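These notes concern the structure reproduced below.
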Amino acid sequence: MSVNHPSAWEREPVVLRLLTSNPLNGNLLKTRSDLAEAMNGFYAPLRPWFSEGNARLRLGVSGAHYGSAAAEMESFVRPLWGIAPLVAGGFGFEDAARYVEGLSNGTDPDHPEFWGPVGSHDQRMVEMAGISLAFLLAPDTFWQPLAPAAKDRIERWMLTINDHPTADNNWLFFRILANLAMRKVGRNWSEQAVRAALNRIDEFHLGDGFYRDGKWYQLDYYTPMGMHFYGLLVAQMADDIFPDHARRFRQRARAFADNFQHWFDDTGAAIPYGRSMTYRFAQAAFWAACAFAGEEVLPWGRIKGLLLRHLRWWSTQPITDRDGVLSIGYSYPNLLVSEAYNAPGSPYWALKTLLVIALADNHPFWQAQEEAAEELPGGRVLAQTGGFITRRTSNDAVMLTGGQDGREHRYYDAKYSRFAYSSAFAFSVASDATAPDRPERSAVDSGLMVSRDGIAWMTRSGITEAGIDSDMAWGRWTPDGELTVDTWLDFGGNGWHVRLHRIVTAAPLHVAEGGFAIDRTGDGHQSPEQWFDLKPGQGSVRTLSAISAIVDLTGDREATIIRAAPNTNLRFPRTFFPRLAARVDAGTTWLATAAFAVPSPEAAITAIAVPETVKALCRRHGIALLRE
C-alpha cells in the first residue's frame with residue numbers, strides 16, 4: 001500500500017512552544033549536580049503555596065476521593081521524595097526548617113493545620129512513606145530539630161498505621177517504611193507488623209520479578225515503581241534484621257530488569273501503560289532504586305543511560321503549569337487521564353526517580369560511563385509470567401498484551417485492554433463511545449469495540465483470562481453470556497504486529513478495530529486529502545510527524561480515518577488513527593488484522609510479514625489470509 005508524502009511545506013518540523021516552566025528543560029541531566037539543580041527547580045514553584053503553619057500546600061482545586069486535609073498533606077509530603085535524597089546527598093535544603101515546622105503542626109491535634117487522625121485505608125498512610133524516607137535518609141535534618149513533644153506526637157501518629165487495615169496491596173510497604181523510620185530514629189516500632197506485611201507481600205510475587213498488586217491481578221508500573229522500589233529500600237536499609245526478605249527483593253529485581261529495559265525506547269520515553277500515568281518519570285524509579293541498593297541488575301552504564309535518558313525525554317514535555325507546578329496529566333495537562341486518587345499534589349511522586357541524588361559521586365552508578373541508546377538490546381522479548389511481548393525499534397518501544405481486568409480504574413479499557421501500547425504514540429481514552437454518528441469520540445485506538453444495534457457500543461475491557469498462548473500474547477473478552485472474543489497477538493516483520501480474533505456471538509455484531517493514534521497537532525482544523533489513503537480492507541494516514549496503517553488480512557472491512565476527539569490521547573492533544581469496521585453474523589467469525597506505525601513522516605509502509613505463530617494458528621483453524 002502507498003500514501004502520498006506531504007508537500008515540502010507540510011514536512012517542516014512542528015515546533016510547539018512550551019507554555020510551561022518544566023524544571024528539567026535546559027538541564028543537561030548528566031551529573032548528580034544536574035539532578036540536584038532539577039530538584040530545586042521542582043521545589044521552587046511550591047514555595048508560595050505553603051499554608052501559614054507550613055503543614056499543607058494548596059496547589060489546585062481539582063478533587064480526589066479523599067478530603068482536602070489529606071490532599072493538602074499529600075502536596076506537603078510528596079516533594080520529600082526528592083528533597084530527602086537532596087539532603088542525604090549533601091546538597092542542603094534551605095527550607096528544611098519549614099518542613100520541620102510542618103511535620104510538627106501537621107501531627108498536632110490542637111493545631112488548625114492538623115492532618116487528621118488515621119483511619120482504615122486512609123490516604124494519610126500513603127503519605128507516611130514520604131515522611132519515612134525523610135527520617136530514614138536525613139534524620140539529622142528532619143527529625144533531630146523537632147521538639148521532644150513533637151517527636152512524641154509524630155511517633156504516636158505514625159504508628160497508628162499499625163492499628164488500622166491498609167489496602168491489601170502495595171500499601172503494605174507504607175506500614176513497613178513507617179515502622180522502619182521509627183526504628184531509625186530510636187523510637188518504638190513493631191517488628192511483628194513489619195514481618196507480617198513482608199510475608200504478605202511475598203505472596204504477591206508471581207515469578208520472574210513480576211508482582212500482582214494484592215488481590216488485583218494488575219501487572220503495570222506499580223511493579224517497578226512500587227513493589228520493587230520499596231522492596232529495594234527495605235533491602236538496603238533493613239537487611240540486618242530482615243536478611244531473607246532483603247535477599248529475595250534483590251533477586252527479584254535482577255530477574256525483572258532484563259525484561260523491563262525493553263519498556264524504554266532509545267529517546268528515553270517509556271511505554272505508557274496502566275494506571276497512574278500522572279506520576280510520569282516515576283516510570284524509571286526502578287533504576288534509581290537499583291542504584292540506591294547497589295544492585296547492578298544490568299551494567300551500571302546501561303542503568304545510568306536508561307534513567308538519565310528518561311529524564312531528558314521528560315524535559316521536552318509540557319508537564320507543568322505556567323508557574324512550574326506539576327500538572328495532572330501525562331505529556332500535557334489532562335484530567336481525563338487522572339485516577340480517583342489523583343489530587344493536585346499527586347504528580348510529585350515522580351520525584352522518586354531522583355533517589356540517586358543521595359548516592360556519592362564515587363558510587364558506581366555515577367562513576368559509570370553512560371551507555372548509548374544504540375547499545376540497548378532489541379528484538380522480540382516475551383515475558384511468560386507477565387504475559388507481555390515487547391519489541392524496541394528506532395524511536396519506539398511497543399508492547400503487545402492480551403489485557404487485564406482493571407475495572408476499578410477510570411477508563412480501564414484504555415489502560416489495560418488495548419492490543420498494543422507504544423512509547424511513541426501512547427493510548428487514547430474513549431470520551432464517548434455511544435454516539436454512532438460521531439465515531440471520533442470513541443478514540444478506541446489499538447483496540448476493539450462492538451455493538452449489537454449500531455447505537456450502544458461496548459469496548460473490549462475487563463479481560464479476566466490472559467497470558468501467553470502458542471507463543472503469542474492472548475486474551476479472552478466475555479462481556480456477557482452471548483459474546484466471547486479471543487485474541488492472539490504477535491509481532492510481524494518490518495514494523496507490523498498482527499492480531500487474530502475469534503468472535504463467537506449469539507447475535508449479529510457491528511465490529512470496529514483501531515490502529516495506532518498519531519499526532520495531528522500541527523494540521524490546524526483541516527488536513528490535506530493526500531494524508532489519507534483508503535482502499536477496501538486497508539487504510540493509512542500520514543501526518544507531519546508519523547504514519548499509521550491498518551490492514552484487514554481476511555477480508556475487506558471498511559477503512560476510515562478517525563479524527564479523535566481532542567485531549568483523548570496521552571501524548572498528543574489531537575490525533576488521527578485508522579479504523580476497520582464490518583458487520584459479522586451470529587456464530588463464529590475469524591478476523592485477522594495487521595497494524596503498523598512509525599514516528600517519521602518520511603517512512604515507507606513496508607510489506608506485511610505475518611509471523612509464523614499466527615500462520616500456524618490460522619492453518620490449525622482453516623483460516624485463509626488474503627493479504628500477506
Side-chain angles (χ1 to χ4, degrees), residues 212-213 215-220 273-275 339-340 387 400-421 427-470 472-489 499-515 552 554-555 557-558 562 568 579-593 617 621 623:
R212 60 183 172 89
D213 192 20
K215 68 177 182 178
W216 302 111
Y217 198 91
Q218 289 175 341
L219 310 181
D220 52 23
Y273 175 71
R275 60 197 151 138
E339 313 293 353
L400 304 180
T401 172
Q404 297 180 39
D405 182 9
R407 70 185 65 195
E408 75 275 16
H409 298 292
R410 185 183 191 184
Y411 295 125
Y412 65 93
D413 62 317
K415 294 167 182 174
Y416 291 102
S417 300
R418 299 292 163 82
F419 302 126
Y421 292 85
F427 61 83
S428 305
V429 298
S431 61
D432 183 355
T434 62
D437 58 329
R438 300 295 301 275
E440 72 277 5
R441 293 180 181 172
S442 68
V444 182
D445 55 344
S446 292
L448 189 74
M449 55 192 300
V450 303
S451 173
R452 292 190 172 98
D453 57 8
I455 299 174
W457 290 82
M458 295 186 293
T459 303
R460 182 179 187 267
S461 59
I463 308 303
T464 54
E465 295 181 75
I468 301 298
D469 178 67
S470 302
M472 292 180 285
W474 163 81
R476 173 169 292 168
W477 177 37
T478 52
D480 53 39
E482 297 187 342
L483 174 63
T484 298
V485 181
D486 286 283
T487 297
W488 292 263
L489 306 110
R499 315 162 184 170
L500 186 61
H501 313 291
R502 179 175 60 197
I503 302 172
V504 181
T505 175
L509 283 179
H510 299 267
V511 179
E513 180 177 5
D552 184 355
T554 49
R557 280 176 280 169
E558 181 183 8
I562 303 300
T568 49
R579 183 161 74 178
L580 298 173
R583 199 166 179 271
V584 302
D585 295 330
T588 299
T589 300
W590 287 85
L591 299 176
T593 307
L617 194 59
H621 293 279
I623 303 160

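Because the structure is predicted, anything quoted here is derived from the model rather than measured. Starting from 1, each residue takes its place in the sequence as its number.
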* Close side-chain approach of R212 to Q404, heavy-atom, < 4.5 Å -> no
Quiz: residues 460-468 side-chain donor-acceptor pairs under 3.5 angstrom, not counting sequence neighbours:
| from | atom 1 | to | atom 2 | distance (Å) |
| --- | --- | --- | --- | --- |
| R460 | NH1 | S417 | O | 2.8 |
| R460 | NH2 | G402 | O | 2.8 |
| S461 | OG | T459 | O | 3.0 |

Please check: side-chain N/O of S451 versus main-chain N/O of A456, any donor-acceptor pairing under 3.5 Å? yes
Open item on the list: Between V450 and H510, is there a side-chain heavy-atom distance shorter than 4.5 Å?
Closed with: no
Given the rule in the side chain to side chain contact (heavy atoms under 4.5 Å, CB included) test, do F427 and K415 qualify, once you have shown the distances and angles that lead to the verdict?
-> CA-CA 8 Å; F427 61 83; K415 294 167 182 174; 3.8 Å; yes
Using a 3.5 Å distance criterion without hydrogens, assess whether the side chain of D552 forms a donor-acceptor pair with backbone atoms of R557. yes
Sorted by chain and number, sequence neighbours left out, salt bridge (Lys or Arg N to Asp or Glu O under 4.0 Å) with D220 holds for R275
For H501, the side chain to side chain donor-acceptor pair (under 3.5 Å) test, sequence neighbours excluded, returns T487, E513
Main-chain N/O of M472 paired with S470 side-chain donor or acceptor, under 3.5 Å: no
Side chain to side chain donor-acceptor pair (under 3.5 Å) filter on R583, not counting sequence neighbours, yields none
Open item on the list: Let's go through F419 and L448 carefully: what are the C-alpha distance in whole Å and the side-chain angles of both, what is the deciding distance for side chain to side chain contact (heavy atoms under 4.5 Å, CB included) to 0.1 Å, and is it a yes or a no?
Closed with: CA-CA 8 Å; F419 302 126; L448 189 74; 3.7 Å; yes
Side-chain heavy atoms of L509 within contact of R452, under 4.5 Å: yes
Q) Would you say the side chain of M458 lies within less than 4.5 Å of the side chain of L483, judging by non-hydrogen atoms? A) yes
Heavy atoms of S446 and A420 approach each other most closely as CB-O, 3.6 Å
All heavy atoms of Q218 vs all of D405, minimum pair found to be NE2-O, 3.9 Å
Here the pair of heavy atoms bringing S428 nearest to A443 is CB-O, 3.4 Å
Contacts of R418 meeting salt bridge (Lys or Arg N to Asp or Glu O under 4.0 Å) (sequence neighbours excluded), chain-then-number -> D413, D445
Donor-acceptor check, side chain of T589 to backbone of I503, threshold 3.5 angstrom: yes or no?
no
Between the OG1 atom in T505 and the CD atom in E482, the distance rounded to the nearest 0.5 Å is 7.0 Å
Which of D486, T401, D469 passes side-chain hydrogen bond (donor to acceptor under 3.5 Å, both in side chains) with W474? It is D486
- prompt: R502 versus V485: any side-chain heavy-atom pair under 4.5 Å?
  reply: no
Those residues at least two apart in sequence (or on a different chain) that pass ring pair (Phe, Tyr, Trp, His ring centres under 6.0 Å) with Y273 are F388, Y416, Y421
